[in-house]
Amino acid sequence: MRRIGLLGGMSWHSSIEYYTKINDAVASRLGGHHSARILLDSTDFADIRELQLAEDWAGADAALAATAQRLVYGGAEAVAIATNLMHKCAPAIESTVDAPLIHIVDAIAAAAKRQGYSTLAVLGTKWTMLDGFYIDRLEAQGIGTLVPDEDTCVEIDQIIFDELTQGVFTDASRERYVEIMNDLKARGADAVALSCTEIGLLVPPGDRSPASHRLRRRACGRDRGVGNG
């Protein structure tokens with residue numbers, strides 16, 4: 001079983017989900033008392049948030065690359081970024097560490113193909129929805145994408161950072177997100193990629209809204225962390 005290094009804390013609410021789901025998958029696969037071999041480096045999200053607001057992506061690259069290096073020096077045999085947005089820094093991490101990066105977009109594309117979905121509505125931060133680092137990688141793997149209009153993207157982003165990443169989950173925001181999902185379904189999406197883990201906490205799998213299927217690969221490292229491959 002590989003030891004996975006998780007870059008966490010962005011936010012810590014979502015890091016809990018990654019840790020839990022990876023361990024659930026290992027326990028289900030191997031049984032008994034098995035659990036995942038995980039190294040977790042949990043940052044102070046306030047520091048990363050300042051870099052995001054300043055659009056200082058070079059600074060974010062340096063911060064996350066340093067975190068990944070610590071994990072590899074500590075014995076991680078693969079690394080995973082426990083946040084969708086900060087995959088914007090994936091190229092910097094891949095060029096810095098001597099260990100494979102498990103990329104969440106590749107996991108989403110694989111899950112979509114396996115489940116027969118060809119067009120995904122992508123919901124996440126404004127950068128995740130509007131910048132090419134996420135959408136282009138999905139489309140390069142044959143997955144069509146839909147995102148809301150720019151004003152709605154800004155609204156979604158505001159709810160994420162003003163509420164969800166601070167552990168605030170309201171019925172009003174849940175209803176608004178479901179409305180947006182249904183709009184994207186009407187435009188032709190056959191599944192929704194919740195490309196911000198906290199959205200999955202706001203609109204959980206048990207929610208019985210009429211929105212299209214929700215595709216989540218929060219624990220993108222779980223399959224790669226089990227076995228000898």
Side-chain angles (χ1 to χ4, degrees), residues 1-43 45 64 67-87 90 93-94 97-117 120 123-124 128 138 141 143 164-165 167 169 174 191-209 211-229:
M1 189 192 319
R2 285 185 176 183
R3 181 175 287 107
I4 301 174
L6 281 184
L7 286 73
M10 300 170 282
S11 69
W12 65 264
H13 302 282
S14 63
S15 297
I16 293 170
E17 291 293 295
Y18 283 84
Y19 184 85
T20 299
K21 295 300 182 182
I22 292 172
N23 275 292
D24 282 346
V26 170
S28 177
R29 179 82 61 86
L30 300 180
H33 293 289
H34 284 289
S35 58
R37 293 177 176 173
I38 295 175
L39 296 178
L40 172 63
D41 191 312
S42 188
T43 189
F45 187 35
L64 267 65
T67 299
Q69 285 179 320
R70 285 196 298 273
L71 289 166
V72 173
Y73 292 157
E77 299 165 85
V79 294
I81 309 168
T83 160
N84 286 266
L85 166 58
M86 297 313 289
H87 278 73
I93 293 171
E94 289 177 312
V97 300
D98 187 21
L101 170 68
I102 303 169
H103 202 294
I104 198 167
V105 175
D106 297 340
I108 289 172
K113 291 177 181 178
R114 186 168 58 249
Q115 297 175 49
Y117 301 137
L120 298 182
L123 292 188
T128 302
L138 277 174
Q141 298 181 64
I143 303 297
L164 308 187
T165 56
F169 305 94
R174 184 178 300 108
V192 179
L194 302 186
S195 299
C196 169
T197 308
E198 288 87 354
I199 297 177
L201 301 177
L202 178 68
V203 188
D207 182 90
R208 298 188 180 278
S209 69
S212 57
H213 300 288
R214 269 157 251 152
L215 183 68
R216 298 190 292 172
R217 289 294 287 175
R218 296 173 303 193
C220 67
R222 65 187 187 183
D223 295 329
R224 291 284 297 277
V226 179
N228 297 319

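The distance from atom OH of Y18 to atom CG of N23, rounded to the nearest 0.5 Å, is 15.0 Å. Rounding to the nearest 0.5 Å places CD of E77 at 12.0 Å from CG of D98. In this structure, CG on L201 lies 8.0 Å from OG on S11, to the nearest 0.5 angstrom. Note: T128 OG1 to L123 CG = 10.5 Å, rounded to the nearest 0.5 Å. In this structure, the separation between CD1 on I38 and CG on L6 is 5.5 Å, given to the nearest 0.5 Å.
The closest side-chain heavy-atom distance from K113 to Q141 is below 4.5 Å. H13 is not listed as a side-chain neighbour of L164, based on a closest heavy-atom distance of 4.5 Å or more. Proximity of S195 to H87: side-chain heavy atoms (C-beta onward) are nowhere separated by under 4.5 Å. Inter-residue side-chain proximity for L120 and I108 is flagged as met; some heavy-atom pair is nearer than 4.5 Å. Looking at V192 and V203, their side chains never come closer than 4.5 Å, going by heavy atoms from C-beta outward. Between M86 and L7 the shortest side-chain heavy-atom distance does not fall below 4.5 Å.
Heavy-atom minimum distance, A112 versus I143: CB-CD1, 4.0 Å. Shown here for L71 and G5, the closest heavy-atom pair between the two residues is CD1-C, 3.7 Å. Nearest heavy-atom pair, A82 versus S14, reported as atom, atom and distance to 0.1 Å: O-OG, 3.8 Å. Contact record, R2 with P100: NH1-CG, 3.8 Å, taken as the closest heavy-atom pair. Closest heavy-atom contact between L39 and G74: CD1-O, 3.5 Å. The two residues I22 and A36 make their nearest non-hydrogen contact at CG2-CB, 3.6 Å.
A side-chain donor-acceptor contact under 3.5 Å links S15 to the backbone of G9. For H103 (side chain) and A90 (main-chain N/O), no donor-acceptor pair under 3.5 Å exists by modelled atom type. R174 contributes a side-chain N or O that, together with a main-chain N or O of L202, makes up a donor-acceptor pair within less than 3.5 Å. No donor-acceptor pair under 3.5 Å is formed between the side chain of T20 and the backbone N or O of E17.
The 12-atom threshold is exceeded at CZ of F169, counting heavy atoms of other residues, nucleotides or ligands nearer than 6.0 Å.
The side chain to side chain contact (heavy atoms under 4.5 Å, CB included) test with I104 singles out one residue from I81, T197, N84, and that residue is N84.
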